[in-house]
Structures are given as C-alpha cells and as structure tokens.
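Structure first, commentary second.
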Amino acid sequence: MSIVSPDFIDAAIEIADLARLISLKYFRQPLEITQKEDASPVTIADQQTEALIRAEIEQRFPEHGFYGEESGQADTDADWVWVVDPIDGTTSFSTGKPTFGTLIALLFQGSPVLGVVDLPALDDRWLGVKGQETLYNGQPVKTNAMQNIKNCSAYTTTTKMFDEASMKRYLALTGQCKFSVYGADCLAYGLLASGFTDIVIEANLKPYDYMALVPVVEGAGGIISDWDGAAITLNTGDQILATSNDALHQKALAALRI
C-alpha cells in the first residue's frame with residue numbers, strides 16, 4: 001500500500017488543473033522575459049503560477065514544507081515537502097513552444113513519493129505515486145524493454161547544460177546511442193515513461209527540475225538516479241540520468257564512468 005494519502009494525490013491533481021489556467025492564459029501572448037541572478041529566464045506566468053500553487057498548498061497542508069523555483073524554501077526539514085517548478089522550460093514557453101510543463105512533487109523525509117508532470121499546451125499529464133503504476137492521462141503506461149545502447153534514443157534539453165567535464169561523460173554515453181534528441185524539457189521524461197524513448201541525461205539541474213520526474217519514471221518501470229547511480233533525494237546534485245529499465249541503466253552508468 002502506498003504511503004501517499006489519496007488526499008495528497010487529489011490535491012496535486014486539483015492544483016495542477018488550477019495552474020493550467022494561468023500558464024495557458026499567458027502562453028503565446030506578448031510577455032516580458034527577465035533574467036534572474038542565475039541568468040535563467042522568468043516571466044509573470046512563472047511567478048503567478050507558483051504563487052497560486054504555493055497558496056493552495058499552504059492552505060490545504062499548513063504543516064508541510066515548500067520548495068519552489070520562484071519563491072524559495074520554507075520548512076524543508078518537515079516530513080512532507082512540496083517541490084515545485086511552475087513552468088519547466090520557460091525558454092520554450094516564452095517562445096511559443098508547447099513542451100513546457102508544470103512540475104509538482106511531494107517528498108516524504110527527503111525522497112520523492114508523488115509527482116505530477118503536466119504539459120498544459122499539449123494536454124499531457126503523467127501522474128506518478130510511489131507503489132503505484134504511473135498514469136498518463138488516466139491510463140497506465142510502461143517503459144520499454146530496450147537494453148542495447150546502440151539501438152537507443154537519448155534525450156537532452158540542451159548541450160549548454162554541460163561543462164567541459166560533464167560533456168565528456170555525456171558524449172561517452174550518447175556517442176554509443178542510435179541518435180540524440182534535443183529540446184523536449186520535462187516532456188522527455190514523460191515520453192520515457194510511456195515507452196517512446198530510452199534514455200534522458202541532463203545536468204545543471206535543481207531539485208525542482210527533477211523531483212516530480214522520479215515517481216513518474218519509477219512507477220512506469222524505469223530507473224532514475226544521479227550519474228553515479230545514487231537514488232534521488234533533496235540532497236542530490238545537478239546530474240540526472242533516467243533510463244527505461246535497470247539493465248540499460250547499469251550499461252549507461254558504466255558508459256559514464258570515464
């Protein structure tokens with residue numbers, strides 16, 4: 001039986017529905033794009049979407065912690081912590097590309113146990129709950145059984161996320177793959193969960209970029225870890241590897257050990 005209360009699941013879904021209303025209101029509309037201190041882009045849509053999500057969570061679960069990309073952290077030492085990226089793929093969003101998503105995760109004692117990956121413009125939603133099958137638009141999905149790296153496709157949002165050292169490791173893996181694909185943002189992990197791609201490898205990420213992905217990938221039969229194979233927690237670094245099954249994951253990790 002899952003440790004995640006049905007109330008938590010229902011709340012995550014309801015909040016994702018509300019968040020869609022804001023992001024879609026601003027999508028493909030004239031927007032001012034500004035840069036934060038870390039040089040990442042932000043728009044009013046990011047800010048308003050997170051403000052709504054945070055207000056809903058604080059009203060429903062005042063004893064829970066919160067970690068958001070735009071509004072920061074509060075009570076992250078609590079047993080239950082929500083981790084939110086209001087618009088994953090702000091660059092895509094602000095240029096009219098529909099691969100942006102809202103990521104809503106719930107952590108228990110530092111480990112992700114619930115994740116919503118919602119792509120409003122595509123009407124795509126993956127729901128992952130620890131101990132349950134991942135659902136895509138309400139229907140169970142499974143990763144594929146591909147184990148030969150030479151026949152794999154590998155997704156990465158952009159190679160600009162790699163520094164010199166991580167680029168060498170990235171190429172050591174993807175150089176063995178059949179082909180590489182770029183620019184999908186969080187959609188890549190949903191496609192992996194649904195069996196359409198085999199590997200997603202990324203770096204220079206923050207916890208709000210990947211926490212919601214973990215239950216989605218794992219509940220579909222996939223594996224997600226850092227580049228050294230360690231489980232994802234709130235203390236994980238910036239390098240994430242997701243694959244469609246354990247055998248492939250071990251081969252991918254071996255390729256990264258250079």
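Note that the numbering runs from 1 along the sequence shown for the chain.
- Among pairs with a residue in residues 224-241, those fulfilling salt bridge (charged side-chain N to carboxylate O under 4.0 Å, His left out) read R169-D228, at least two apart in sequence or across chains.
- Residues F66 and E50 meet the side-chain proximity criterion, which asks for heavy atoms closer than 4.5 Å.
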For residues 98-116, tabulate all N or O donor-acceptor pairs below 3.5 Å that involve a side-chain atom, not counting sequence neighbours.
unit_1, atom_1, unit_2, atom_2, d
T99, OG1, D185, OD2, 2.9
T102, OG1, P86, O, 2.7

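- L127 and V84 fall within a single hydrophobic cluster, where Ile, Leu, Val, Met, Phe, Trp and Tyr side chains are chained together by heavy-atom contacts under 4.5 Å.
- Residue pairs that meet the salt bridge (charged side-chain N to carboxylate O under 4.0 Å, His left out) test with at least one member in residues 135-152, sequence neighbours left out, are E133-K142.
- Pairs engaging residues 120-149 under the ring pair (Phe, Tyr, Trp, His ring centres under 6.0 Å) rule: W126-Y136 [sequence neighbours left out].
- In this pair, Y67 and Y208 present their aromatic rings perpendicular. The plane angle is above 60°, beyond the 30 to 60° band.
- T95 pairs by the side chain to side chain contact (heavy atoms under 4.5 Å, CB included) definition with K97, not counting sequence neighbours.
- Partners of F196 by side chain to side chain contact (heavy atoms under 4.5 Å, CB included), not counting sequence neighbours, listed by chain and number: L191, S194.
- Listed by first then second residue, pairs satisfying ring pair (Phe, Tyr, Trp, His ring centres under 6.0 Å) with a partner in residues 3-22 read F8-F61, F8-H64, F8-W80, not counting sequence neighbours.
- Under the side-chain hydrogen bond (donor to acceptor under 3.5 Å, both in side chains) criterion, the residue pairs touching residues 8-34 are E14-R60, D17-R125, R20-D118, R20-D123, Y26-Q48, with sequence neighbours excluded.
- Sorted by first and then second residue, the salt bridge (charged side-chain N to carboxylate O under 4.0 Å, His left out) pairs involving residues 199-224 (not counting sequence neighbours) form an empty list.
- For residues 244-254, no residue pair satisfies the salt bridge (charged side-chain N to carboxylate O under 4.0 Å, His left out) rule, not counting sequence neighbours.
- A donor-acceptor pair under 3.5 Å is absent between the side-chain atoms of Y189 and the main chain of V117, judged by distance alone.
- Residues passing the side chain to side chain contact (heavy atoms under 4.5 Å, CB included) test with N151 are M146, N148, sequence neighbours excluded.
- For T90, the side chain to side chain contact (heavy atoms under 4.5 Å, CB included) partners are P41, T43, D46, I87, not counting sequence neighbours.
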